[in-house]
2 protein chains.
Amino acid sequence: MISQSKIQDKRKEIWDAALKLFVEYGFHGTPTSKIAAEAGVANGTLFHYYKTKEDLVIVLYNDIKNELNSYITSKVSCNESLETKVKIMFINSLYWALDNREKFYYIHQFHFSPHFAKISPETIHQQSTCHIRLIEEGIKAELLKPLPIEFLLTIVSSHVFGVYQYLTSEDFSESQQKKVINDAFGMLWDMIAP
Amino acid sequence: MISQSKIQDKRKEIWDAALKLFVEYGFHGTPTSKIAAEAGVANGTLFHYYKTKEDLVIVLYNDIKNELNSYITSKVSCNESLETKVKIMFINSLYWALDNREKFYYIHQFHFSPHFAKISPETIHQQSTCHIRLIEEGIKAELLKPLPIEFLLTIVSSHVFGVYQYLTSEDFSESQQKKVINDAFGMLWDMIAP
DNA sequence: TTTTAGATTGACTAATCACTCCACAAAGGT
DNA sequence: ACCTTTGTGGAGTGATTAGTCAATCTAAAA
């Protein structure tokens, strides 16, 4: 067991190093040699764990997306009202983003890169299943405006990102952060509730 | 006069080629040689007009930002109500984005690249002066929620981008587009009005 | 016509980078 | 003890690239 995780140590070291450097210098700005150096492994070792640089880029994206998704779904329980569920998901998305700035930034950096074209539409759709289900439910219960699901999803996602951008543009105290997030949810609800 | 513009022809050819290729293949994915080839000029000519590749990347960004800004400001006249002004700016931002998809995409691609760090904060601030003034005015007149200007600005910008994303994710007819944009403005107004 | 200044070219260079290769080490099963 | 599998290292390679430079062209001024 210990050896099992120790074997994967270097894989994780490379993963972490790549995230840090990609976010700081961009995909093109970080050579694989620098990633290996930052991870404390040899050049060749990187290619033992990741077939190509692009493979690493994509694995990073999928891992982060999955981590975010499972974090968010872990926070909502079924016996809440729909508004509460949406609120919990919204707030927790932001807290996760604030606690994992590199990872959250990476998602968007990836989104605006040619690598994103390599992600299949099914994967993309599957990665937002839980959000889609909630929106469907909300529309049926007439708690959300009767608009196309994809439309609402896009609007909510970009709102989350907007709030994140604002929260990271300046230094806020915890209580200021909390107020901004609450205001932002109020605005979101005003926007999507009928 | 004719020669004047003819001299700048190649500069513009390079500009256009760079935009097209950067959007398609990313900054790293497009070598300067390809840009020169696409523009129909020699390798060296590119560096006659733009000192470095990065210079070209940044000039492209600033030019596009200025174009977008002057387009939007050209559409609002002073003797409108504030809500109308906001609506006109919102709608025209989206129409411009839809008519200039490469340029609009480029702005965001640039935003999520390390090149963005090279833009001075003053320049960034100056590039959104007209939006800031409108929001200030709106808060004073109690037509907008009394929130920090930067917050409202960020929220509105990301809403615009969200709507743009939705509109370009599928093929919509003109009337469908118009409906989406109108709905989106209604939602925006619900969100930012007190 | 001659001069001059800028525009244009494309071969060239120095550097960089993704990735390979092969030798060796560690671990585990038999 | 022996073999097989898997991990690790790092020098090496071939391809690519941003940017240079000296030569040539163009056109208008003198």
Side-chain angles (χ1 to χ4, degrees), chain A residues 1-61 106 109-110 113-118, chain B residues 1-61 106 109-110 113-118:
Chain A
M1 292 304 124
I2 286 165
S3 63
Q4 183 74 302
S5 66
K6 232 188 171 180
I7 283 170
Q8 294 300 316
D9 262 7
K10 303 215 167 179
R11 182 171 230 275
K12 188 69 196 330
E13 294 284 347
I14 294 166
W15 197 100
D16 290 338
L19 174 61
K20 180 186 163 185
L21 296 175
F22 283 151
V23 166
E24 185 161 4
Y25 304 109
F27 297 115
H28 125 263
T30 71
T32 52
S33 55
K34 287 259 171 62
I35 297 171
E38 172 84 21
V41 302
N43 255 334
T45 306
L46 190 152
F47 292 96
H48 176 72
Y49 289 105
Y50 303 93
K51 231 161 59 84
T52 63
K53 184 182 182 179
E54 174 148 64
D55 186 41
L56 173 56
V57 169
I58 288 172
V59 166
L60 226 38
Y61 175 74
Y106 187 88
Q109 180 184 6
F110 184 87
S113 81
H115 302 290
F116 187 54
K118 305 262 168 167
Chain B
M1 294 303 122
I2 285 166
S3 64
Q4 183 73 304
S5 66
K6 232 187 169 178
I7 283 170
Q8 294 299 316
D9 262 6
K10 304 215 167 180
R11 184 171 227 276
K12 188 68 196 330
E13 294 284 347
I14 294 166
W15 197 101
D16 289 338
L19 174 62
K20 181 187 161 183
L21 296 176
F22 283 150
V23 166
E24 186 161 3
Y25 303 109
F27 295 117
H28 165 58
T30 71
T32 52
S33 55
K34 287 257 171 63
I35 298 171
E38 171 85 22
V41 301
N43 258 332
T45 307
L46 192 153
F47 293 96
H48 177 70
Y49 288 104
Y50 303 93
K51 230 161 61 82
T52 64
K53 185 184 182 179
E54 174 149 63
D55 186 41
L56 172 56
V57 169
I58 289 173
V59 166
L60 225 38
Y61 175 74
Y106 187 88
Q109 180 184 6
F110 183 87
S113 80
H115 302 290
F116 187 54
K118 305 262 168 166

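Quick note on labels: first sequence line is chain A, next is B, and so on, each numbered from 1.
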Could you state the NE2-P distance from A:His28 to C:dA18, rounded to the nearest angstrom?
10 Å

Rounded to the nearest Å, what distance is computed from the CD1 atom of residue A:Ile35 to the P atom of nucleotide C:dC17?
11 Å

Under-4.0 Å side-chain N/O to phosphate OP1/OP2 contact, A:Thr32 with C:dA18:
yes

B:Ile14 CD1 to D:dG19 P: how many Å, rounded?
14 Å

On the nucleotide D:dG7, are OP1 or OP2 found under 4.0 Å from the side-chain N or O atoms that A:His48 carries?
yes

Is the ring pair B:Phe110/B:His115 parallel, tilted or perpendicular, if the boundaries are 30 and 60 degrees?
parallel

Atom NZ of A:Lys34 to atom C1' of C:dA18: distance rounded to whole Å?
14 Å

For the pair made of CG in A:Leu46 and C1' in D:dG10, what is the distance, rounded to whole Å?
13 Å

Using the ring centroid of each side chain, check whether A:Phe27 and B:His28 are separated by less than 6.0 Å.
no

Nearest of D:dG10, D:dG19, C:dT8 to any side-chain atom of A:Ala42?
D:dG10

What's the closest nucleotide to the side chain of A:Tyr49 if the choices are D:dG9, D:dT8, D:dA18?
D:dT8

Between C:dT9 and B:Thr45, is there an OP1 or OP2 to side-chain N/O distance shorter than 4.0 Å?
yes

List in chain and number order the residues that pass side chain to side chain contact (heavy atoms under 4.5 Å, CB included) with B:Tyr50, two or more places apart in sequence or in another chain; answer none if no residue qualifies.
B:Arg11, B:Ile14, B:Trp15, B:Asp55, B:Leu56, B:Val59

CZ/A:Phe116: more than 12 non-hydrogen atoms of other groups inside 6.0 Å
yes

Phosphate contact (C:dA26 OP1 or OP2) by A:Lys10 side-chain N/O below 4.0 Å:
no

Atom pair distance, as rounded to whole Å: CG in B:Asn43 and C1' in C:dA14:
16 Å

Could you check A:Lys51 against A:Gly29 and say which one's nearest nucleotide on DNA chain C is further toward the 5' end?
A:Gly29

B:Tyr50 OH to D:dG19 P, straight-line distance once rounded to whole Å:
15 Å

Kindly point out which of C:dA11, D:dG9, C:dC19 is positioned nearest to the side chain of A:Val41?
D:dG9

Rounded to whole Å, the CZ-P distance (A:Phe47 to D:dT8) equals 16 Å

Test your reading of the model: is there a side-chain donor-acceptor pair from B:Glu54 to the backbone of B:Lys118, 3.5 Å cut-off?
no

Given D:dT17, D:dG19, C:dC19, the nucleotide with the shortest approach to the side chain of B:Pro31
D:dT17

